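So the structure is just underneath, and the comments pick up after that.
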Amino acid sequence: MHTHGGDDFVQLLTPEGERLDHPDYPLDVTGDEVRALYRDLVMMRRFDLEATALQRHGELGLFTPIVGQEAAQIGAGRAMRPGDFAYTSYREHGIAWCRGIEPLTLMGLFRGVTNGGWNPYEHNMAIYSIVIGDHVPHAVGYAMGIQRDGTDDVALAFFGDGATSQGDVHEAFVFAAAFHSPVLFFLQNNHFAISVPVETQSRHQLVKRADGYGIPGIRVDGNDVLASLAVTRAALQRIREGGGPMLIEAVTYRMGSHTTSDDPTRYRPHDALEHWATRDPLERVLRLMEREGWADGDFIAGLDAEANAMGATLRDGTRALTPPDPLTMFDHVYAEPHQQVTDDRAFLARYLQAAPSGDLT
Amino acid sequence: MHTHGGDDFVQLLTPEGERLDHPDYPLDVTGDEVRALYRDLVMMRRFDLEATALQRHGELGLFTPIVGQEAAQIGAGRAMRPGDFAYTSYREHGIAWCRGIEPLTLMGLFRGVTNGGWNPYEHNMAIYSIVIGDHVPHAVGYAMGIQRDGTDDVALAFFGDGATSQGDVHEAFVFAAAFHSPVLFFLQNNHFAISVPVETQSRHQLVKRADGYGIPGIRVDGNDVLASLAVTRAALQRIREGGGPMLIEAVTYRMGSHTTSDDPTRYRPHDALEHWATRDPLERVLRLMEREGWADGDFIAGLDAEANAMGATLRDGTRALTPPDPLTMFDHVYAEPHQQVTDDRAFLARYLQAAPSGDLT
Amino acid sequence: MVAALNAALRASLDRDSKVLLMGEDIATLGGVFRVTDGLAKDFGEQRVIDAPLAESTIIGAAVGLAMRGYRPVCEIQFDGFVFPAFDQIVTQVAKLRVRTDGQVAMPIVIRLPFGGGIGAVEHHSESPEAYFVHTPGLRVMAPATPADAFVMLQQAIASDDPVIFLEPKRRYWDRGEVDLNVDIAHATLMGRARVTRSGSDVTIACYGPMLRTCLEAAEVAAEEGRSLEVVDLRSLSPIDFPTLVASVERTSRLVVVHEAQGMASVGAEIAAVIAERCFWSMEAPVIRVAGFHTPYPPNRLEQHYLPDVERILDAVDRSMAY
Amino acid sequence: MVAALNAALRASLDRDSKVLLMGEDIATLGGVFRVTDGLAKDFGEQRVIDAPLAESTIIGAAVGLAMRGYRPVCEIQFDGFVFPAFDQIVTQVAKLRVRTDGQVAMPIVIRLPFGGGIGAVEHHSESPEAYFVHTPGLRVMAPATPADAFVMLQQAIASDDPVIFLEPKRRYWDRGEVDLNVDIAHATLMGRARVTRSGSDVTIACYGPMLRTCLEAAEVAAEEGRSLEVVDLRSLSPIDFPTLVASVERTSRLVVVHEAQGMASVGAEIAAVIAERCFWSMEAPVIRVAGFHTPYPPNRLEQHYLPDVERILDAVDRSMAY
Ligand SMILES: Cc1ncc(C[n+]2csc(CCOP(=O)(O)OP(=O)(O)O)c2C)c(N)n1
Ligand SMILES: Cc1ncc(C[n+]2csc(CCOP(=O)(O)OP(=O)(O)O)c2C)c(N)n1
Ligand SMILES: [Mg+2]
Ligand SMILES: [Mg+2]
């Protein structure tokens with residue numbers, strides 16, 4: 001079935017690195033801007049490689065690769081303003097990057113030393129959400145708060161093709177439409193929910209879901225960072241001006257495994273990777289830069305060095321992430337004291353004192 | 001807001017009793033057929049009156065009036081075949097009627113002597129479902145069963161405008177579309193979820209929801225029994241032939257209260273009843289019959305007598321519905337023995353023996 | 001009690017502009033029990049919100065509002081309709097504080113009319129408290145009187161923790177003195193139980209709708225020469241065991257009463273803890289009086305399902321027989 | 001254990017053409033734990049169904065399939081993802097039989113990998129059994145060994161009641177003798193506990209993932225001269241109290257062990273019942289070993305959260321100290 005493969009989406013940069021014009025989504029970019037975007041893409045790809053390697057070396061319990069989806073995320077992330085607020089699932093490392101969250105910070109969850117890792121208010125980005133769909137209503141609630149505050153910020157909800165089947169995502173659409181709330185739904189259709197192809201979630205283009213709520217929907221080439229940027233910017237602008245919620249479907253492909261525990265050879269059509277490799281999100285930007293003379297050897301070498309440095313920081317930093325004191329698990333269950341927690345904490349404290357290793361299984 | 005009031009729906013009989021043609025939904029009906037439909041409508045309206053009165057007299061704890069929605073339900077109900085299976089909410093007395101469930105049987109739930117009242121397999125209709133939305137996935141599951149059995153039956157899910165906001169209803173759409181299951185979603189938009197107007201559920205016509213899943217949707221005048229019949233018949237036929245799920249939105253109006261406990265004067269626009277009274281579902285059929293000479297005084301008098309008889313049976317029968325033996329509450333919790341139930345039952349049995357009135361609070 | 005709850009909401013809306021109400025039919029209609037009557041008119045649609053019919057996102061949106069600094073008070077129309085929101089409550093509301101290492105607060109109150117005895121149709125008479133008590137991260141409160149309803153709801157709204165606030169719907173129409181000028185900060189502390197009636201023979205622990213029934217039982221018992229001490233738990237998570245233990249140490253006997261079915265219930269927790277903490281002083285095992293292990297029956301049978309004075313006294317007899 | 005479960009599903013699919021499997025990633029992938037590996041290939045897409053990503057309707061559709069005469073076996077991928085389906089489970093699956101006065105059966109099995117100890121990220125290590133045990137209308141089972149997994153899953157599928165089937169995921173890779181020719185009808189009855197190890201000093205009640213840990217504790221205790229009797233509950237609803245009471249009558253002491261947090265838990269239920277039924281013979285109160293009243297911690301701390309041999313032995317010590 002090819003309903004989802006159709007190229008009826010906004011594209012501003014072809015896989016061959018040619019710029020296209022689009023009447024609704026004009027984008028003027030300078031060489032500097034494109035270089036900055038390319039840097040983001042490269043850093044994300046490297047991050048992915050490094051984190052995957054760290055998992056292979058036993059330093060992480062799990063990792064969720066981003067490879068293939070860098071452009072969708074960087075485009076969207078760079079379109080956001082600081083005051084906007086992002087709710088994401090567990091694969092939006094590119095959004096985190098754009099929100100100023102250090103790659104190393106993301107390792108805490110995957111290494112099992114925290115369930116969060118950063119202060120959401122510092123970056124205006126919620127911690128990763130693992131239960132599929134749950135965070136999408138949160139974005140709508142946050143947007144309802146924005147409405148009451150009277151600012152022109154926007155809440156963004158990032159989720160996958162699989163998530164579109166969840167009741168909570170539908171209800172979030174319903175609330176956003178009913179209250180005309182400033183929320184942007186950003187759907188990355190990477191063609192899979194673990195092993196299940198997007199066709200099992202819908203035989204129909206997912207962007208069409210928006211129609212049913214009277215929410216405008218835009219389908220964009222998720223492997224084109226310029227298109228993702230332009231479309232997200234336009235959507236955010238429209239929402240800021242009171243236009244109400246919107247949905248963007250970024251059509252992309254998960255080139256890696258679902259997580260490092262997954263074995264995609266069991267389900268991925270064997271020629272799919274080849275096909276999608278020709279649409280690589282980094283490659284086309286490089287071609288554009290070459291074509292325009294925006295990238296010289298120094299730039300590329302500089303990037304490489306920066307990526308190397310990031311990799312080193314990541315490796316060393318991850319190894320240095322040690323589990324917190326066991327008693328911290330009781331610290332933030334409640335804001336105010338709760339007797340059961342107090343008792344359980346006292347029990348564990350006594351117990352740890354008696355058997356300091358604490359690890360006797 | 002008038003998005004929901006627009007008359008862009010299939011209508012075959014005007015409020016004035018004029019027949020209209022529709023290219024997609026031709027309907028040839030004989031005088032006998034129209035008389036039969038009119039009888040259904042009259043019986044339902046009488047049933048509603050009688051049950052409401054029974055509640056006012058303290059014989060029922062609660063009743064959910066159907067007045068105003070008779071045509072939507074009778075049209076749909078009469079389009080069904082015996083092998084089809086209906087899942088409904090608590091207001092589909094007209095569907096129950098068409099499925100051969102005695103009006104008296106419906107009183108058990110409202111009198112509090114049972115939570116069901118009939119054998120679903122005898123009538124191919126599930127018991128009423130009170131938790132909004134819950135039963136809609138059941139219809140899809142049933143339809144998946146039909147597919148596996150290889151018959152051309154159809155499962156129908158009846159639900160309200162309020163229910164469209166529930167996650168379960170969305171998920172039911174997703175599954176039905178994904179599996180191309182023979183299920184007809186029949187939405188009665190009666191403009192209210194208790195006090196909340198349909199605009200709070202959606203600023204957009206509810207039938208449009210179907211588009212998002214690639215499910216064909218039809219909007220029908222829910223106060224026109226001929227249109228409801230023709231559209232439902234056509235949809236069922238298409239589904240039987242393997243066309244996959246469909247959605248019908250029947251636009252109607254809840255002329256009564258939400259339940260007998262409700263006070264609609266607190267929220268219903270004061271001129272709404274007048275407006276909708278001009279679109280009464282019974283009146284227009286009567287006009288058509290008069291126009292065509294299909295209804296004489298005898299017919300009307302006969303109907304009246306039949307309705308009176310039904311009312312009498314209902315009144316007497318309801319008063320005679322007594323609570324079952326208290327110990328029956330343990331009978332069907334499990335199919336096979338469960339020690340906790342056995343113990344609890346033994347306790348109550350001993351207890352009832354000691355204090356036979358059992359009513360000491 | 002409805003008036004007391006309404007007054008508590010009004011006071012909270014007045015006190016803190018971040019407080020919002022959200023639910024089905026709460027604005028124009030004023031709630032099916034009229035608990036929010038008049039509030040939409042006085043505080044406007046932005047603060048008293050009629051939501052679409054979807055419990056999961058009523059709670060899910062409240063999470064987002066809380067993250068934006070608001071203090072949402074959500075109404076779930078009836079006990080049986082809380083389950084569509086269960087995931088948001090258990091996975092998000094209860095856990096977000098700890099998941100963010102304390103950086104995100106969840107000052108959300110979920111008002112839940114609960115319990116039976118009003119002759120309602122199915123799904124309208126349930127007692128789901130054990131599900132929430134079992135869930136770390138939630139506080140669970142159940143007032144039994146109008147005065148407590150007034151105080152406790154305000155305390156719940158003022159708390160930075162999420163609170164499942166169980167309103168005993170068969171006591172909605174109870175009347176009682178409510179001191180509207182009570183200083184919330186100095187009222188009985190949140191989380192504390194109260195010895196409502198002192199006695200010496202058997203302690204009765206109960207909450208919400210059962211308090212009145214237990215007090216009636218104590219009256220009857222007194223006529224028969226038996227002295228029951230009635231403890232109103234008020235809070236179910238945490239449970240105020242110090243108060244309860246002190247009482248049981250005096251009486252050496254405990255009967256726990258609730259409407260909810262018994263398996264893995266609040267009554268089980270209390271029985272387990274008291275059996276351990278009062279091991280040396282108990283003269284009888286803790287006797288539990290609870291709903292049966294069946295779904296709530298059709299309402300014409302509910303009188304047999306619900307604990308009543310007789311069943312409580314029967315439990316007292318059984319306790320005394322040891 | 002994975003192979004035993006796979007064999008049980010295969011046998012059930014073979015035996016009864018009405019048996020269907022449904023879940024996320026169970027067909028092409030064979031499940032994230034490979035429990036359904038190869039079944040889609042052998043039984044086809046109509047019987048082994050990859051569902052859209054929506055737990056509520058996986059269960060909701062199973063209800064409809066059951067009403068049409070099928071016997072759906074649903075997989076929920078991980079414990080923490082059962083909550084979106086909670087409403088369908090509690091309101092429909094558990095209640096439909098009684099709501100229809102026994103006319104509609106709900107032969108649905110919900111397979112739920114549960115518990116911690118595998119170093120997973122959040123929501124992948126929870127123990128939600130108490131929620132289901134508290135719910136009338138459900139049966140709850142938890143095998144602890146491959147042999148039991150093989151028998152019990154087939155019994156669950158053959159039962160006309162809905163069964164929450166908890167698979168201890170940290171024991172998925174355990175190996176053990178499985179008699180594939182066992183006659184299911186004559187195997188240990190569904191709902192029965194088993195005394196896995198006899199002893200005389202203290203009874204240990206446990207289930208699922210904790211059985212192995214408790215047996216290890218019993219080994220260590222034996223070396224120290226203490227004789228522990230280990231009871232594998234196997235079924236959590238109903239709980240086989242006759243077997244447990246008989247054991248406790250012998251030992252006079254009971255320790256209950258589970259991973260789930262303690263408030264209103266299965267351990268609370270057992271402690272409450274045993275304290276009552278064995279009132280005269282207990283020489284110590286029932287001691288509970290459970291997870292703490294916190295959401296499951298980050299996995300690098302899980303060793304401190306989960307009951308281990310030491311904590312079990314500590315509880316035994318405390319029991320013996322009375
Ligand atoms: C409610 C819920 N059910 C199941 C899972 C297990 N699970 C984790 S990721 C995933 C697939 C998600 O697919 P999609 O939404 O497309 O996001 P992607 O992984 O492709 O980024 C599943 C089923 C989960 N995390 N939450
Ligand atoms: C899950 C759930 N939430 C709330 C309710 C309370 N309630 C009963 S009927 C109703 C409104 C339903 O509106 P609609 O779906 O339009 O059906 P109608 O009553 O108009 O036929 C509500 C909110 C419920 N029964 N179930
Ligand atoms: Mg995906
Ligand atoms: Mg309606």
Side-chain angles (χ1 to χ4, degrees), chain B residues 85 87 108 114-122 126-131 133-149 153 155 157 167-168 170-179 181 183 324 328-344, chain D residues 17-18 20 22 46-47 49-70 72 84-85 87-88 90-92 94-107 133 136-139 159-162 190-191 235 237-242 269 273:
Chain B
F85 199 102
Y87 286 86
T114 174
N115 285 332
W118 61 91
N119 183 341
Y121 300 119
E122 234 169 66
I127 60 167
Y128 279 180
S129 186
I130 288 179
V131 180
D134 270 22
H135 61 292
V136 186
H138 303 175
V140 176
Y142 192 95
M144 290 168 68
I146 294 173
Q147 288 177 292
R148 280 156 185 78
D149 293 343
D153 300 325
D168 271 14
H170 158 78
E171 294 185 6
F173 289 163
V174 169
F175 275 59
F179 297 127
S181 300
V183 57
T328 59
M329 79 170 92
F330 300 102
D331 283 353
H332 302 295
V333 181
Y334 295 93
E336 293 149 53
H338 185 291
Q339 193 61 47
Q340 188 70 41
V341 175
T342 309
D343 292 351
D344 285 354
Chain D
S17 65
K18 294 295 185 185
L20 297 178
M22 181 158 53
Q46 292 297 303
R47 299 191 63 198
I49 306 168
D50 264 343
L53 209 176
E55 285 76 8
S56 188
T57 292
I58 289 175
I59 305 303
V63 168
L65 279 160
M67 287 187 68
R68 181 79 188 183
Y70 287 88
D87 177 53
Q88 285 289 348
V90 165
T91 307
Q92 304 297 338
K95 290 184 182 153
L96 261 167
R97 167 176 285 274
V98 83
R99 292 175 60 217
T100 58
D101 303 314
Q103 281 149 342
V104 169
M106 281 290 117
V133 171
L138 300 176
R139 289 181 188 274
S159 168
D160 270 349
D161 285 320
M190 200 168 112
S235 170
S237 180
I239 296 170
D240 181 2
F241 281 115
E269 179 65 24
V273 170

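Residue numbering restarts at 1 for every chain, and letters A, B, ... go by the order of the sequence lines. Keep in mind the model is a prediction, meaning the values are calculated, not measured.
- With chain D as the partner, the residue from B:N115, B:V131, B:I146, B:D149 showing the most heavy-atom pairs under 4.5 Å is B:D149.
- At a 4.5 Å heavy-atom cutoff, B:D331 makes no contact with chain D through either its backbone or its side chain.
- Contact annotation for D:K95: neither backbone nor side-chain heavy atoms come within less than 4.5 Å of a heavy atom of chain B.
- Of the listed residues D:G191, D:A51, D:A66, D:S237, the one with more heavy-atom pairs under 4.5 angstrom with chain B than any other is D:S237.
- With a 4.5 angstrom heavy-atom cutoff, D:I59 does not touch chain B via any of its atoms.
- No side-chain donor-acceptor contact under 3.5 Å links D:D160 to the backbone of D:P107.
- A donor-acceptor distance shorter than 3.5 angstrom exists from the side chain of B:Y121 to the backbone of D:M67, with no hydrogens or angles considered.
- Judged purely by distance below 3.5 Å, without hydrogens or angles, the side chains of B:H138 and D:Q88 pair a donor atom with an acceptor atom.
- Contacts between D:S235 and chain B at a heavy-atom distance below 4.5 Å are absent for every atom of the residue.
- With a threshold of 4.5 angstrom between heavy atoms, B:S129 approaches chain D through its backbone and through its side chain.
- A side-chain donor-acceptor contact under 3.5 Å links D:R99 to the backbone of B:Y128.
- Between the side chain of B:S181 and the backbone N or O of B:V183, no donor-acceptor pair lies under 3.5 Å.
- Residue contact with chain D, scored on non-hydrogen atoms closer than 4.5 Å, is absent for B:P324.
- Between the side chains of D:Q92 and D:D87, no donor-acceptor pair of N or O atoms lies under 3.5 Å.
- Heavy-atom pairs under 4.5 Å with chain D were tallied for B:Y87, B:F85, B:F330; the largest tally goes to B:Y87.
- Contacts between B:D344 and chain D at a heavy-atom distance below 4.5 Å are absent for every atom of the residue.
- With a threshold of 4.5 angstrom between heavy atoms, B:A139 does not approach chain D through any atom at all.
- Ring geometry, B:F175 versus B:F179: the interplanar angle exceeds 60°, so the pair is classed perpendicular (tilted spans 30 to 60°).
- Contacts of B:F173 with chain D are absent, with no heavy-atom separation under 4.5 Å from either backbone or side chain.
- When atom types are taken as modelled, the side chain of D:T57 and the backbone of D:A54 share no donor-acceptor pair closer than 3.5 angstrom.
- Heavy atoms closer than 4.5 Å to chain B are found nowhere in D:L53, neither backbone nor side chain.
- With hydrogens and angles disregarded, a donor-acceptor distance shorter than 3.5 Å links the side chain of B:Y334 to the backbone of D:G137.
- Of the atoms belonging to D:M22, it is side-chain heavy atoms, and not backbone ones, that fall under 4.5 Å from chain B.
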